[in-house]
Undergrad: 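My questions will all concern the structure given below.
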Amino acid sequence: MTHTPPPPPADSSGHTQPAAAARNRLSRETSPYLLQHAGNPVNWYPWGDEALARARKDDRPILLSIGYSACHWCHVMERESFEDDGTAALMNEHFVNIKVDREERPDLDAIYMRAVQSITGQGGWPLTAFLTPQGLPYYGGTYFPPEPRHGMPSFRQVLDAAGRAYTGRKAEVREAANRMRGLLERSMSPPDAERVSPNDPELPTGLARTACSNIARGHDSIHGGFGRAPKFPQPMVLELMLRVHRASGDDRLLAMATHTLRKMARGGIHDQLGGGFHRYTVDAGWLVPHFEKMLYDNALLASAYLQAHLYTDDAEFLAVVEKTLAYMLSDLRAPDGGFYSARDADSEGEEGLFYLWTAEEVDELLDPSTARLFRRCYDVTPAGNFEGRNILHLPHDPESVARAEGMAPDELDTVLARASALLLEARAQREPPFRDEKVIVAWNGFAIRVLAEAGAALGRREYVRAAEQAGEFILAELRRDGRLLRSHKDRPSGVGGFLEDYAALAGAFLALHEATLRAVWLDRATDLAEALVQGFFDRATGLLFDTHRADPALVVRPRDATDNATPAGNSLAAEVLLRLGRLLDREDFRTLAARVLASEAAAMARFPSAYGRLLAVTDAFDRPGVEVVIEGDPDDDATRALLQAAHGRYLPDRLVTGDEAGRTPRAPWRLVAGGKGHGGPRAHVCHDYTCQRPVADPGSLAEQLDAAGEP
């Protein structure tokens with residue numbers, strides 16, 4: 001059966017060509033996406049004072065186009081409209097045209113996406129918004145075709161209507177735009193915010209468990225995941241289900257989470273040869289993806305599979321972790337240690353071509369016996385399952401196939417591994433999809449954190465070293481005058497960091513401290529948390545906003561507390577403030593985390609699937625947690641063995657710290673009796689303000705942790 005992608009708009013990926021000869025102001029930018037449009041006949045501006053001043057001076061409306069380099073329909077619209085001289089002439093005559101990379105400017109994307117969704121009832125990329133010269137939206141949409149089709153007007157018709165509306169009904173347009181400003185302002189504040197006490201916020205109990213019960217109603221019992229097609233991975237929700245199962249014993253939650261993880265791992269969304277995950281699938285069965293690969297998806301999914309492995313000791317989940325991290329390290333890692341943003345979907349002008357196979361290609365590369373087995377396992381047929389070619393996936397349990405073939409599972413694994421290596425070698429000769437080599441701080445934070453956590457849990461020092469190198473790169477290249485910057489491509493972009501950048505990086509540095517015991521990473525995490533509070537917390541409203549208080553003002557100050565493809569900055573901030581508050585005995589951090597949770601409590605109860613990470617923080621707030629204090633040289637084998645024991649089991653509320661370099665003791669050191677001079681590395685397990693006797697061997701530490709971590 002051939003699966004055809006749905007019509008636009010979609011959060012999908014596409015082919016990316018190098019920028020043509022510069023014809024507009026985008027040639028001065030760092031974003032690969034903006035540079036791709038530098039050769040358009042459209043007189044594009046980047047977002048900034050020059051464009052906004054021009055619109056106000058000429059009293060001309062703004063055409064704002066937002067996309068990203070791995071967005072398929074963004075590139076389609078570019079080919080059809082932005083590269084067309086006639087369409088460009090209309091745009092240049094009637095509008096000030098601004099092009100934005102949503103990955104570089106999530107603040108602008110959040111504001112104008114919300115506006116377009118309010119106007120049209122849907123959103124997606126490319127995002128097309130028409131603004132007054134003051135930046136207020138009055139009309140918008142997503143992809144528009146060059147000719148009317150599927151009930152959509154042509155882009156030229158939209159240009160004509162939007163332009164005439166502003167020039168012919170200016171007062172009406174301005175009135176509508178001002179109403180939109182009020183709607184946007186109201187949408188940035190949760191309903192409970194004004195009722196939250198600043199000093200003693202009240203949190204409802206049991207919210208995470210209730211939320212999981214509600215989310216579970218949408219579970220797809222056949223294919224895994226939640227809801228119907230298109231099907232997106234939801235790693236934050238899956239981790240929440242593992243956490244709540246551990247506390248509640250509700251076996252449905254564990255079954256849903258592990259079933260979903262297994263189905264994704266065996267589906268077409270997972271690159272069965274090269275590792276890593278594609279963005280999402282257009283079908284409910286995880287078979288047909290949009291083939292872009294994003295750094296954030298792979299880092300967050302690697303984390304979910306790691307947690308599932310630690311909880312269940314499932315070898316398949318461990319293999320996915322190792323394969324996904326190997327992909328990130330081999331394909332998305334820059335020579336200087338940072339991590340690139342994405343791989344595109346298209347190559348040679350076709351979506352997914354790099355990843356697809358015909359039966360004939362498999363037969364040519366493998367001997368007949370191996371080819372037959374490979375084709376059976378990965379469902380490779382002459383007809384194909386995607387436009388005449390095959391997306392590799394595992395529709396049957398490999399152990400069942402091995403039994404049917406009269407083989408031991410290990411024997412089949414060996415045959416498939418050798419075959420996969422040959423196909424992967426052949427695939428490497430194809431034209432690869434374009435790689436967006438923009439380094440984004442928040443996404444690097446996700447990568448650093450999972451590498452540190454996996455390295456500590458699995459005893460893989462190379463993971464931790466890669467995480468440290470990425471962290472050093474971010475600090476060296478993406479800090480100016482005490483502030484983080486958002487991204488780097490050949491040089492820093494100049495766009496200031498957002499809440500998610502500070503919070504994700506602080507969480508990553510805390511994970512590095514836990515993996516290495518190096519005090520410098522704890523100091524850096526603390527500095528970022530303090531900068532986060534100073535720059536993004538608004539004491540008048542009691543809310544965290546997504547933009548820094550020193551950033552230029554927009555039509556509203558954006559704030560989105562819901563998880564999307566990545567955890568919300570709000571959730572990341574609450575999590576790191578709670579963890580640091582416990583580790584450092586910082587009541588100010590804990591109180592602020594509680595305020596965030598209390599402000600969003602009503603929304604979490606109403607829309608639980610949109611708050612997976614924040615619900616996990618809420619659950620953590622209800623529990624005392626477990627602290628592990630390790631004394632010893634981090635480079636000593638005995639210390640590393642204790643570290644691995646501390647990290648190598650599923651304890652979502654565990655904190656690990658140590659006395660590297662003889663630093664001044666701080667919480668939870670105050671709970672630890674005794675002192676140094678004991679003759680070797682040892683560990684203290686502290687739980688609910690009580691510490692157990694120190695132990696020197698990993699087995700004893702594991703026993704204490706298992707006892708302390710019981711729900």
Side-chain angles (χ1 to χ4, degrees), residues 5-17 26 29 31-37 40 42 44 46-47 62-83 97-131 137 139-146 150 152 155 158 230 232-233 278-282 289-297 341-346 351 433-434 436 438 440 442-443 486-487 498 500 546 558 560 562-566:
D11 173 12
S12 57
S13 165
H15 188 48
T16 308
Q17 295 287 355
L26 299 184
E29 297 300 302
S31 159
Y33 175 68
L34 298 186
L35 291 171
Q36 290 156 13
H37 292 267
N40 296 165
V42 178
W44 291 118
W47 183 275
I62 294 167
L63 191 163
L64 176 66
S65 177
I66 302 178
Y68 58 105
S69 71
C71 167
H72 174 70
W73 292 105
C74 298
H75 300 308
V76 171
M77 193 165 177
E78 179 190 15
R79 289 194 300 270
E80 293 175 342
S81 296
F82 303 151
E83 292 180 352
N97 303 291
I98 299 179
K99 175 61 75 171
V100 166
D101 181 344
R102 69 172 294 263
E103 296 171 351
E104 189 175 63
R105 294 298 305 264
D107 54 335
L108 296 171
D109 184 63
I111 292 171
Y112 294 109
M113 180 65 74
R114 191 167 296 186
V116 168
Q117 288 172 331
S118 298
I119 293 168
T120 68
Q122 64 178 357
W125 297 277
L127 184 69
T128 306
F130 295 91
L131 320 179
Y139 184 63
T142 53
Y143 164 86
F144 292 105
H150 303 304
M152 289 187 289
F155 187 49
V158 171
F232 288 82
H278 303 295
R279 180 70 197 92
Y280 71 100
T281 58
V282 302
H290 276 300
F291 289 88
E292 69 273 31
K293 288 182 176 180
M294 313 300 295
L295 173 63
Y296 57 76
D297 281 323
S341 298
R343 273 282 182 192
D344 212 335
D346 295 9
E351 184 179 6
F434 173 82
D436 186 330
K438 182 168 71 269
I440 295 174
W443 302 3
R486 170 66 173 175
S487 63
F498 300 99
E500 66 172 359
D546 292 336
D560 186 356
T562 60
D563 295 336
N564 291 291
T566 59

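Quick caveat: nothing in here was measured; it's all calculated off a predicted structure.
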Undergrad: Would you check if Leu295 and Ser341 make a side-chain contact, meaning some heavy-atom pair closer than 4.5 Å?
TA: no
Undergrad: Look at Lys438 together with Glu104 and state whether they make a salt bridge at an N to O cut-off of under 4.0 Å.
TA: no
Undergrad: Report the distance from atom CZ of Phe144 to atom OG of Ser65, rounding to the nearest 0.5 Å.
TA: 10.5 Å
Undergrad: State, to 0.1 Å, how close Val158 and Tyr139 come at their nearest heavy-atom pair, and which atoms those are.
TA: CG1-CE2, 3.9 Å
Undergrad: Measuring only between side-chain heavy atoms, which start at C-beta, is Tyr280 closer than 4.5 Å to Asp297?
TA: no
Undergrad: Just verifying a value: how many Å separate Tyr33 OH and Leu35 CG, rounded to the nearest 0.5 Å?
TA: 12.0 Å
Undergrad: Are the side chains of Phe291 and Arg343 in touch, meaning some heavy atoms are under 4.5 Å apart?
TA: no
Undergrad: Pairing donors with acceptors under 3.5 angstrom, does anything connect the side chains of His278 and Glu292?
TA: no
Undergrad: Could you tell me whether Glu500 and Arg486 have a side-chain N and a carboxylate O separated by less than 4.0 Å?
TA: yes
Undergrad: Could you give the distance from CG (Leu26) to CD (Gln36), rounded to the nearest 0.5 Å?
TA: 10.5 Å
Undergrad: Going from CG on Leu64 to CD1 on Ile66, what distance comes out if it is rounded to the nearest 0.5 angstrom?
TA: 4.0 Å
Undergrad: To check you understand the geometry: which heavy-atom pair defines the closest contact between Ser487 and Ile440, and what is its length?
TA: CB-CG1, 4.2 Å
Undergrad: Over all heavy atoms of both residues, which pair between Thr142 and Gly123 is shortest? Give the atoms and the distance, please.
TA: CG2-C, 3.7 Å
Undergrad: With a 4.5 Å limit on heavy-atom distance, are the side chains of Trp73 and Trp125 in contact?
TA: no
Undergrad: Considering all heavy atoms of both residues, which atom of Ala70 and which atom of His75 are nearest to each other, and what is their separation?
TA: N-NE2, 4.5 Å
Undergrad: Can you list every salt bridge (charged side-chain N to carboxylate O under 4.0 Å, His left out) pair that touches residues 114-130, not counting sequence neighbours?
TA: Arg114-Asp560
Undergrad: Please walk me through it: do Val42 and His37 pass side chain to side chain contact (heavy atoms under 4.5 Å, CB included)?
TA: CA-CA 9 Å; Val42 178; His37 292 267; over 6 Å; no
Undergrad: Specify the closest pair of heavy atoms between Thr120 and Gly140, including all atoms of both residues, with the distance to one decimal.
TA: CG2-O, 3.3 Å
Undergrad: Any non-hydrogen side-chain atom of Phe155 less than 4.5 Å from a side-chain atom of Thr128?
TA: yes
Undergrad: Find out whether Glu80 and Tyr143 are in side-chain contact, i.e. whether some heavy atom of one side chain is under 4.5 Å from a heavy atom of the other.
TA: yes
Undergrad: For the atom pair CH2 (Trp443) and OH (Tyr296), what is the distance rounded to the nearest 0.5 Å?
TA: 5.5 Å
Undergrad: What closest approach, in Å, do Ala565 and Arg279 show between heavy atoms, and which atom pair accounts for it?
TA: CB-NH2, 2.8 Å
Undergrad: With respect to Trp47, which candidate in Leu34, Ile98, Asp107 satisfies the side chain to side chain contact (heavy atoms under 4.5 Å, CB included) definition?
TA: Ile98
Undergrad: Find the distance between SG (Cys74) and CG (Asp101) and round it off to the nearest 0.5 Å.
TA: 9.5 Å
